[in-house]
Amino acid sequence: MSKNTPQAIRGTQDIFGPDAEAFAFVVETFERVRKLYRFRRAEMPVFEKTEVFARSIGETTDIVSKEMYSFDDRGGESLTLRPEFTAGIARAYLTNGWQQHAPLKLATHGPLFRYERPQKGRYRQFHQIDAEIIGAAEPQADVELLAMADQIIRELGIEDVTLHLNTLGDGDSREAWRAALVEYFSAVRGELSEDSQERLEKNPLRILDSKDPRDRKFLGNAPRIDDFLTDEAKAFFEAVTSGLDAAGVKWTRAESLVRGLDYYRHTAFEFIPDEGSEAAGKLGSQSTILGGGRYDGLMESLGGASTPAVGWAAGIERLAMLVGENDQAPADVIVIVEDDSFIGQGISALRLLRQDGLTAELISSGSPRKRFDKASKLNPRAILSLGGQGQLGSPVRSSEEALVDRIADLLSNSASFGSLASPRA
RNA sequence: GCGAUCGUAGCUCAGUUGGUUAGAGCGCCGGUUUGUGGUACCGGAGGUCGGGGGUUCAAGACCCCUCGAUCGCCCCA
């Protein structure tokens, strides 16, 4: 590579080969399954006014305070490349009057941008699949959404992944719990890790899933959300869990599972590989493959009417790491032209084969005598050889009898090959 | 933002305590062999050893800076 060649931006990826096939497989599976659940497809811009994210995600969160790709456009307006889907979807819902479709089940996927240090399963431009149900206050919406997530993961062939489920309660429950946590941890402030002392100010809930042993010894006796849940919040969570049981979705209670963003209420969840599983090993420290929750407070933060909603997002790259090898399938037919005067016939043959639904590719470059070798290395189901040393009597070679006949019929019914002797051996 | 490890042909990597024109395998291109064939052999193209500076008679190897990659912390999908 010349030193003159510009490099890709840090944290971006050029995806190709098996990785790209796995990526496509994730997206195709998502598209197929979301139709089964009758989620509507939506497309949003990849950038928005900065305030869309600042107001909904929370000014003090890491995402807004230091991870956004923001810039002023030529008109002097501050714009931001979307760091997540939910805020933009909420904005679209409000500005397009999608209230008329409520409750609205939406699905989308595409690139997102966060200025973070890249590491395994984590990029500055990354990609997510995303599903939201907007305008549905009932716990059945949570169940519906989680059932779809569970089915997608299973249809991707990903195993040893468990749904970790928690409730943050309604607004009142969450605030009371939060206050109790602050009081509890403040009492032992000096013994907490430096990170957690800072969390105490910014995001006390996060102390609960700290990995630092200095913090962990206090977690056992920390106030529990269950003690602060209102009757309504408790009933809501029970409806979600019994619904999941009815839907056959396995889950486990995760009392320390919290959400970083301000707008979450009630249900919070993550699909996480089981400890010690193969999937956990492949993901390194980025263990969550799908996460989300209920965000009943979000629409109001954007100036809309109070609107209940629930959603999730999953990193396509992380899912793709778990779906295994997915390389391009071998061709049905490789057409080789061992004499360049047959190139026209080669092109005609490709058209016939592809119109009939066969995957086909032409080899007509390089040393003529090595073209057959090239074709063989591609391991196709059949090789069609044109112009090879007067061997026109049997130009199709394959171990599949039916395929030989099919190709032979295609060619012999075409004017371009009318003069050709029977392709059958 | 912090820490650790690492950057040698298109790819995977060798390159002894710093010592002459920097190597292999695979891939690519061509030739010979074979002649209905994925074989074998021969040859070729392709590297200012990530970039810059320094130490030295001498640096791919040592030092500094920088860029990038990887993994972890923070945070998060």
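The sequence lines fix the lettering, A, B, ..., with proteins before strands; numbering per chain opens at 1.
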Gap separating the [atom1] atom of [X] from the [atom2] atom of [Y], nearest 0.5 angstrom:
X	Y	atom1	atom2	result
A:Glu400	A:Arg381	CD	CZ	4.0 Å
A:Ser385	A:Ile334	OG	CD1	12.5 Å
A:Arg318	A:Leu283	CZ	CG	7.5 Å
A:His164	A:Glu255	NE2	CD	13.5 Å

Gap in Å between the two [atom1] atoms, one belonging to [N] and one to [M], rounded:
N	M	atom1	result
B:G51	B:G60	C1'	14 Å
B:C64	B:A59	C1'	15 Å
B:G27	B:U12	C1'	11 Å
B:G52	B:A45	C1'	30 Å
B:U66	B:G38	C1'	48 Å
B:U16	B:A22	P	15 Å
B:G10	B:U5	P	28 Å
B:C26	B:G43	P	14 Å

Ionic contact status for [Y] with [X], cut-off 4.0 Å:
X	Y	answer
A:Arg40	A:Glu132	no
A:Arg214	A:Glu191	no
A:Arg32	A:Glu28	no
A:Asp150	A:Arg154	yes

Separation of [X] atom [atom1] from [N] atom [atom2], in whole Å?
X	N	atom1	atom2	answer
A:His109	B:A77	NE2	P	19 Å
A:Arg259	B:C75	CZ	P	13 Å
A:Asp195	B:C2	CG	P	14 Å
A:His164	B:A77	NE2	P	15 Å
A:Leu378	B:G27	CG	C1'	13 Å
A:Arg117	B:A69	CZ	P	9 Å
A:Tyr115	B:C76	OH	C1'	17 Å
A:Glu201	B:C74	CD	C1'	17 Å

**Request:** Would you please determine if the base of B:G38 is stacked by A:Phe372, with stacking meaning a centroid separation under 5.5 angstrom and planes under 30 degrees?
**Result:** no
At under 4.0 Å between heavy atoms, what does [X] touch on the DNA or RNA strands: base, sugar-phosphate, or nothing?
X	result
A:Glu116	base
A:Gly292	nothing
A:Tyr123	base
A:Arg371	nothing

Any side-chain N or O of [X] under 4.0 Å from OP1/OP2 of [N]?
X	N	result
A:Lys374	B:G37	no
A:Ser285	B:C73	yes
A:Lys211	B:C74	yes
A:Gln119	B:U70	no
A:Arg206	B:C74	no

**Prompt:** Would you call the rings of A:Phe47 and A:Phe71 parallel, tilted or perpendicular if under 30° counts as parallel and over 60° as perpendicular?
**Reply:** parallel
Atom pairs under 3.5 Å, N or O on each side, protein against nucleotides 66-68 of chain B: can you list them with distances?
none

**Message:** Of the listed nucleotides (B:C75, B:U70, B:G38), which one gets closest to any side-chain atom of A:Asp62?
**Reply:** B:C75
**Prompt:** Of all the nucleotides listed (B:G38, B:C75, B:G30), which has the minimum atom distance to the side chain of A:Lys370?
**Reply:** B:G30
**Prompt:** Can a donor-acceptor pair under 3.5 Å be found between the side-chain atoms of A:Lys377 and the base atoms of B:G27?
**Reply:** no
**Item:** Along RNA chain B (nearest heavy atom to each residue), the more 5'-positioned of A:Arg199 and A:Thr12
**Value:** A:Thr12
**Complete:** Closest to the 5' end of RNA chain B, once A:Gly284 and A:Arg124 are matched to their nearest nucleotides, is A:Gly284
**Prompt:** Would you say the side chains of A:Thr80 and A:Glu48 form a donor-acceptor pair under 3.5 Å?
**Reply:** no
**Asked** With a 3.5 Å cut-off and no angle check, do the side chains of A:Gln140 and A:Glu144 form a donor-acceptor pair?
**Response** no
**Request:** Scan residues 103-133 of chain A for pairs that pass ring-ring contact (aromatic ring centres under 6.0 Å, His included), counting only residues two or more places apart or in two chains.
**Result:** A:Phe23-A:His127, A:Tyr69-A:Tyr115
**Fill in**
Those stems involving RNA chain B that have three or more consecutive Watson-Crick or G-U pairs, both distances under 3.5 Å, are B:1-7 with B:67-73, B:10-13 with B:23-26, B:28-32 with B:40-44, B:50-54 with B:62-66
